[in-house]
Amino acid sequence: MSTPEVHLHDKTFVLYLSEEEIASAVSSIAERMNKDFAGRTPLIVVVLNGAFVFGAEIFKQLTFDCEVAFIRVSSYRGTASTGEVKEEMPLGADVRDRDVIVIEDIVDSGLTMDNLRLRMAEAGARSVSLCTLLFKPDAFQGVFELKYVGIEIPDRFVVGHGLDYDGLGRNLPAIYQLKV
Ligand code: IMP
Ligand code: MG
């Protein structure tokens, strides 16, 4: 059982998605991927830091041959309306002619995923499939398809299960929403 409230730095978060709800979303995505990628050997690209927990859970349920690689990016939003996604750690794998599955923890505005998808395409990927555990449809500004979405959530800040608030909260097994 997860505690109903957690305190991280100066903020309080309330339990929003249980471990069971998350596990069931992970299994449905893995089942779909197992159908879609049977007989192929995709490269799974896990986006650090947030997606390392979800990425590992998905990975263990895949039944087709697959490889895994990691990339770390961070997004900056200045006062201007356009954002910038900075590569903090490059992908240590060649994506040329590969079927790539990008795994993210959360898609908010979609800026990060859009950047990753274009990066993979420019690097010569044969196909790029996008997967995220959480999706905030009300915040999304992208015009691309998210093939695998675990759970749609309202436009509220969440932590846990890999997601952090200023570095903390990633180790919480459930997902918590900022208390208002
Ligand atoms: P986007 O580029 O606006 O889609 O934001 C995606 C990135 O912002 C994610 O990879 C997270 O690192 C971070 N992020 C967005 N929403 C949240 C949240 O509610 N909690 C924690 N991190 C978030
Ligand atoms: Mg992230």
Side-chain angles (χ1 to χ4, degrees), residues 22 25-153 155 158-159 161-164 166-167 170:
I22 300 164
V26 171
S27 298
S28 344
I29 291 179
E31 259 175 53
R32 284 181 53 212
M33 282 186 183
N34 286 334
K35 287 200 186 88
D36 295 347
F37 288 92
R40 288 149 78 184
T41 308
L43 174 69
I44 314 291
V45 171
V46 177
V47 185
L48 298 175
N49 292 330
F52 87 102
V53 175
F54 169 55
E57 289 170 344
I58 282 278
F59 195 67
K60 287 185 290 178
Q61 293 189 35
L62 301 180
T63 51
F64 47 85
D65 284 349
C66 56
E67 292 177 68
V68 67
F70 303 90
I71 189 168
R72 189 160 78 232
V73 293
S74 65
S75 45
Y76 292 96
R77 288 180 194 84
T79 46
S81 62
T82 52
E84 182 201 341
V85 179
K86 199 175 149 212
E87 189 178 271
E88 307 277 4
M89 186 191 90
L91 187 72
D94 188 2
V95 304
R96 186 156 301 278
D97 298 327
R98 301 295 304 269
D99 293 311
V100 172
I101 305 175
V102 179
I103 303 214
E104 253 287 32
D105 50 359
I106 187 164
V107 173
D108 189 293
S109 71
L111 177 74
T112 307
M113 222 19 157
D114 198 26
N115 184 280
L116 288 163
R117 149 189 105 84
L118 295 171
R119 234 170 246 261
M120 299 302 141
E122 274 164 22
R126 175 168 44 204
S127 70
V128 184
S129 305
L130 306 179
C131 170
T132 183
L133 174 60
L134 303 175
F135 177 47
K136 294 179 179 170
D138 296 338
F140 189 60
Q141 290 172 29
V143 284
F144 54 89
E145 185 209 8
L146 293 167
K147 191 166 180 189
Y148 306 99
V149 172
I151 303 166
E152 290 193 0
I153 62 167
D155 189 7
V158 289
V159 293
H161 215 86
L163 291 132
D164 73 306
D166 212 1
R170 294 192 197 276

Novice: Once you round to the nearest 0.5 Å, how far does OG of S27 lie from CD1 of I58?
Specialist: 8.0 Å
Novice: Decide salt bridge (Lys or Arg N to Asp or Glu O under 4.0 Å) for R126 and D99; before the verdict, give the C-alpha distance in whole Å, the side-chain angles of both, and the deciding distance to 0.1 Å.
Specialist: CA-CA 5 Å; R126 175 168 44 204; D99 293 311; 3.4 Å; yes
Novice: Counting only N and O atoms by type, is there a donor-acceptor contact under 3.5 Å from the side chain of N115 to the main-chain atoms of L111?
Specialist: no
Novice: To the nearest 0.5 Å, what is the distance between CD1 (I101) and CD (E67)?
Specialist: 12.0 Å
Novice: Could you report the tightest heavy-atom contact between P90 and I71, atom names first, then the distance?
Specialist: C-CG1, 4.4 Å
Novice: Taking side chain as C-beta onward, heavy atoms only, is I106 less than 4.5 Å from I153?
Specialist: yes
Novice: Is it true that a side-chain atom of R170 and a backbone atom of F52 form a donor plus acceptor pair closer than 3.5 Å?
Specialist: no
Novice: How far does CD of E104 sit from CG of L146, to the nearest 0.5 angstrom?
Specialist: 10.0 Å
Novice: With rounding to the nearest 0.5 angstrom, report the CG to CG distance, D94 to L43.
Specialist: 9.0 Å
Novice: If every non-hydrogen atom of R96 is compared with every non-hydrogen atom of A123, which pair is closest and at what distance?
Specialist: NH2-O, 3.6 Å
Novice: What are the two closest heavy atoms between Q61 and N34, and how far apart are they?
Specialist: O-ND2, 3.0 Å
Novice: Check whether any side-chain heavy atom of F54 sits under 4.5 Å from a side-chain heavy atom of I29, and report yes or no.
Specialist: yes
Novice: Just so I know, are the side chains of L62 and F37 near enough to count as touching, which here means a heavy-atom distance under 4.5 Å?
Specialist: no
Novice: Flag the pair L116 / V73 as yes when at least one side-chain heavy-atom distance between them is below 4.5 Å, and no otherwise.
Specialist: yes
Novice: When you compare the side chain of M33 with that of P42, does any pair of heavy atoms fall below 4.5 Å?
Specialist: no
Novice: Using modelled atom types and a 3.5 Å cut-off, is there a donor and acceptor pairing between side-chain atoms of R40 and backbone atoms of C66?
Specialist: no
Novice: Could you report the tightest heavy-atom contact between S74 and E88, atom names first, then the distance?
Specialist: OG-OE2, 2.6 Å
Novice: Please test M120 against L91 for side chain to side chain contact (heavy atoms under 4.5 Å, CB included), starting from the C-alpha separation and ending with a verdict.
Specialist: CA-CA 10 Å; M120 299 302 141; L91 187 72; 4.1 Å; yes
Novice: Going by heavy atoms in the side chains, are V107 and L130 under 4.5 Å from each other?
Specialist: no
Novice: Any side-chain to backbone donor/acceptor pair from D155 onto D138? Under 3.5 Å, distance only.
Specialist: no
Novice: Testing the basics here: between V100 and A125, what is the closest heavy-atom pair and its distance to 0.1 Å?
Specialist: CG2-CB, 3.8 Å
Novice: So do the side chains of R117 and V102 get within less than 4.5 Å of each other, counting heavy atoms only?
Specialist: no
Novice: NZ of K86 to OG of S75: how many Å apart, nearest 0.5 Å?
Specialist: 11.5 Å
Novice: For the backbone of V53 and the side chain of D105, can you confirm whether one donor and one acceptor N or O come within less than 3.5 Å of each other?
Specialist: no
Novice: Taking all non-hydrogen atoms of both residues, which atom of E87 and which atom of R119 are closest, and how far apart?
Specialist: OE1-NH1, 2.7 Å
Novice: Out of curiosity, D114 CG to Q141 CD, how far, rounded to the nearest 0.5 Å?
Specialist: 11.0 Å
Novice: Do the side chains of Y148 and D36 get nearer than 4.5 Å, heavy atoms only?
Specialist: yes
